[in-house]
Amino acid sequence: MTVTADSQHAGPAGPGAVGPDGSASGRLRRPSHLDQLEAHAVFVMREVAAECERPVLLFSGGKDSAVLLRLAEKAFRPARFPFPVMHVDTGHNFPEVLAFRDRRVAELGEDLIVASVQESIDRGRVADPGPDGSRNRLQSVTLLDAIAEHRFDACIGGARRDEDKARAKERVLSFRDGFGQWDPRNQRPELWQLYHGRVRPGEHLRAFPLSDWTELDVWQYVERERIELPSIYFAHRREVVRRDGMLLATSDWVRPGPGEAVEKLEVRFRTVGDATCTGAVRSAASTVAEIIAETAASRVSERGATRADDRVSETSMEDRKREGYF
Amino acid sequence: MATAVAGPDDPDVPGGPDDPDVPGGPGQPDVRGGQGVAADAGLLRFAAVGSVDDGKSTLIGRLLHDTKQLFDDQIQALSSASRRRGVDGVDLSFVTDGLRAEREQGITIDVAYRYAATPRRKFVIADCPGHVQYTRNMATGASTADLAVVVVDVTGGLREQTRRHCCIATLLGVRSWIVAANKMDLAGWGQSAFDAVAGDVAELARRLGASPPLVVPVSALDGDNVVEPSDRAPWYQGPTVLQALQDAPSGTWAAGTGNGARLPVQWVLRRPGGGRDYAGMVSGGVLRPGDEVVVLPGGGRTVVAAVSTFDGPLDAAVPPMSVTVTLADDLDVSRGDLIAPVAGAPEPREEVEATICWFAEAPLAAGQRYQVKHTTRVAPVRVVSVRSRLDVGSMTLTEAPELRTNDIGVARLHSAVPLAADAYPANRVTGSFVLIDEATHATVAAGLVGLPPVTAGTGSPAAAPVGELRP
């Protein structure tokens, strides 16, 4: 809270830090844009916790959900979180991300629910797309089943409006009907910050505390708060294949096809998702400060660079969201 | 750092700093490509408002394009989407009209939020729909704005829907407007068309009590006077839309602090060693340890013992910070209560007279029941009476027994729990509420505590600023 425009690279203030008023002179300091984004996100989390009966926080192990966990600490400590943490696990994970997930949740002492796409396949809820197929879209079924099983009425997630043109249209508290569908043509009005969380049984909300954050804001916040992230966000050497204009990391689920050469390149990931559709970018940025500089200068959007799932059609995200996708 | 400048087809991204389009070179405007690391000169939240087809989305698309906020892959996607619909080049309205139905119909259905950064400041942009049937979405976008960019097609003049948007924006406290007199290319860049719109807008602003607006002659389609100054209107000496946005004051929406500190209690935090703290967002004034406060509506008095966050204690907290307050005495405090300084605290009232923007299909009429959400409180309310309806054309209030979809009017409500409300112009947080349908949970109205300052009856124009309380 005490970070100023001149000291954005300083760490978080510890206990006993000077308040936001420049004390001695008695002059009040205007909260920085990161302060404002943080304050709003904390406000949203507390509103959801207070208004909804059974919320859950969705945690993928990615940078946005790592920020959500820090914001939950800011909203609810010293008490425990008033909701469990849930990972929708496609089974196609980067091992570094799973290790990070388990370590982070253990450090926080919170409850983790894992909703497994593999179980959805095993139970015949969805068809197995095969060993090399993307399970990204299948997540929607697993997520909706988990929401029904646990009777969740709100899912707090790290989606941001700057990620995609359909997300740019979405409310902070976004209503889902009894089938988990988003109706972009008939959203609830959302005036001021009067978020209301009322739904009928079977309906639920998606809550997006990071709605107004950009990719750059997230990285600046990661720096300011010294938030730990999975190592794959930082430059490292990795075996990749070029496919559909993307660099995919080789793994049990991504194997080189005919004519595809395996290259060992210095890369990092800008987003973390299902390993079969999340591309790496070439980069030598190995620190948060280097990533901030690189992000600020990038000419390619975060998802445009890295997500095959958005390339299917002009309105891929809208179509998936209508079905209940996060 | 990656060094190669990559196109959207190339996986070797992100691109490097040597992009020839990134400013710094001669002749480049004062903008920055990509996401830019903006100086923290104050976040400006603005909403693009105005009638359908006057060019709001195209203007926002132009602004984002010319300030290099669009990524290469996004431009490529826009260009192929435009081609599919028979548009040569890039249809800039597609930057914000991202839904399938919006692109099919060439209209905006719901607000799109976009983010921009220049070296001077950061912007949160709400591109609002112009159609009457989506007025509720326009109000959504305007409710958190500091400033309105009013887009007017100079070939069509000031339409009723533009007047409605300006009225709603001003009611919501957005009194600072930049007017884009758009489609000047279609008017042959003639000064008379511009002057007619500028005169009408100035008169509207005067009657609504908004600040005298800057009017800029622009062509969003060609890019004149949006980011790049234009030589097509030699008679215009003023700033471009971007320059005006960069110079506009920010944070007015959070600033409504007339009556002192306000902290609606959001969440009760139990301390491990016993005792309770009260979490909430500072919604007015300055909150400091030592402040003598009252907890409303109960009326218990105490002193603020500490103000803190997760990061430690604070000497003072200002809007819009989320903080935790420790009180000196053990009072009964729960979610929905308001902590305010003893001096200047609002008087809790069960009966509230308010200006209502009505969104539902079924009309608002006396006797109906709703849930009100006011700050962090939800309580049942009954409509005592609908008193009047605002005629947007003449800006007068006339008696009316009910309000219909998209009407603005005045109603009296009776709440089951006394509401600690300020008049809206004094505080946008404690002066606002929404009404919720008890069966469907739909949000059916936006409410502003107090009357619009137009005279009841017929024919008298507004004499005082909208939003000010009249006795």
Side-chain angles (χ1 to χ4, degrees), chain A residues 1 5 12-17 19 21 23 28 31-33 36 39 42-43 46 50 73-74 77-79 161-162 165-166 168-169 184-185 187-192 194 196 198-199 212 214 216 242 245-247 279 281-285 294-301 304-305 314-315 318, chain B residues 1-2 8-9 11-17 19 34-37 40 43 71-74 81 98-101 109-110 112-115 122 124 136 139-140 143-144 266-267 269-272 279 281 286 309-312 314-316 318 320-322 335 359 373 432 434 436 441-443 446:
Chain A
M1 294 275 185
D21 66 342
S23 298
L28 294 163
S32 72
H33 89 276
Q36 292 183 44
V42 165
F43 178 82
R46 288 172 174 162
E73 289 183 89
K74 297 223 174 189
R77 290 295 187 240
R161 286 172 174 154
D162 77 327
K165 56 193 180 301
K169 293 271 167 183
R185 301 193 58 166
Q187 300 193 80
R188 282 180 177 174
E190 190 167 81
L191 279 294
W192 300 288
L194 288 169
H196 96 74
R198 304 197 153 207
V199 294
D212 284 339
T214 64
L216 190 62
R242 291 173 191 264
M246 294 196 312
L247 299 175
V281 295
R282 294 192 70 170
S283 170
E294 192 174 87
T295 304
S298 173
R299 295 299 310 147
V300 177
S301 74
E314 185 184 330
T315 51
E318 179 183 344
Chain B
M1 245 350 258
D9 287 325
D12 297 358
V13 290
D19 186 326
Q35 303 194 42
V37 181
D40 221 329
L43 189 70
F71 295 100
D72 293 343
D73 56 304
Q74 293 172 329
L99 298 176
R100 182 191 299 275
I109 291 171
D110 211 329
Y113 294 92
R114 296 288 308 219
Y115 307 85
K122 284 206 169 223
V124 177
R136 62 184 189 276
T140 293
S143 67
T144 53
Q266 219 193 340
W267 185 257
L269 279 166
R270 292 209 186 86
R271 263 177 272 129
M281 181 177 272
V286 184
T309 68
F310 177 77
D311 297 309
L314 300 172
D315 295 338
V318 297
M321 306 311 294
S322 285
R335 174 172 163 86
F359 303 135
K373 183 165 188 190
S432 60
V434 292
I436 301 162
H441 303 313
T443 305

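As the structure is a prediction and not an experimental result, all values here were calculated from the model. Every chain is numbered from 1 and lettered A, B, ... according to where its sequence line falls, protein lines coming before strand lines.
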Keeping the roles fixed (side chain from B:His441, backbone from A:His196), state whether a donor-acceptor pair exists under 3.5 Å.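 Not at all, since once roles are kept as given, no pair shorter than 3.5 Å links the two residues.
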
If we define contacts as heavy-atom pairs under 4.5 Å, which of A:Arg77, A:Arg46, A:Gln187 has the most with chain B? A:Arg46

If you look at every heavy atom in [X] and [Y], which pair is closest and at what distance?
{"X": "B:Tyr115", "Y": "A:Thr214", "result": "CB-CG2, 3.6 Å"}
{"X": "A:Ala39", "Y": "B:Ser322", "result": "O-OG, 2.7 Å"}
{"X": "A:Leu194", "Y": "B:Val434", "result": "CD1-N, 3.7 Å"}
{"X": "B:Ala139", "Y": "A:Leu191", "result": "O-CD1, 3.5 Å"}
{"X": "B:Thr140", "Y": "A:Pro189", "result": "OG1-CA, 3.5 Å"}
{"X": "B:Arg136", "Y": "A:Arg185", "result": "NH2-O, 4.2 Å"}

Top contributor to chain A contacts, counting heavy-atom pairs under 4.5 Å, from B:Met281, B:Arg271, B:Arg114, B:Arg270: B:Met281

Measuring heavy-atom distances to chain A, does B:Gln266 have an atom under 4.5 Å in its side chain, in its backbone, in both, or in neither?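 Its backbone and side chain both get close to chain A.
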
What part of B:Phe359 gets within 4.5 angstrom of chain A, counting heavy atoms only: side chain, backbone, both, or neither?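 Side chain only.
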
Would you say B:Asp110 and A:Pro184 make side-chain contact, with heavy atoms under 4.5 Å? no

State the OG1-CD distance between B:Thr443 and A:Glu190, to the nearest 0.5 angstrom.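 Between B:Thr443 OG1 and A:Glu190 CD, I get 8.5 Å after rounding to 0.5 Å.
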
Separation between CG (A:Asp212) and NZ (B:Lys122), nearest 0.5 Å, reads 11.0 Å

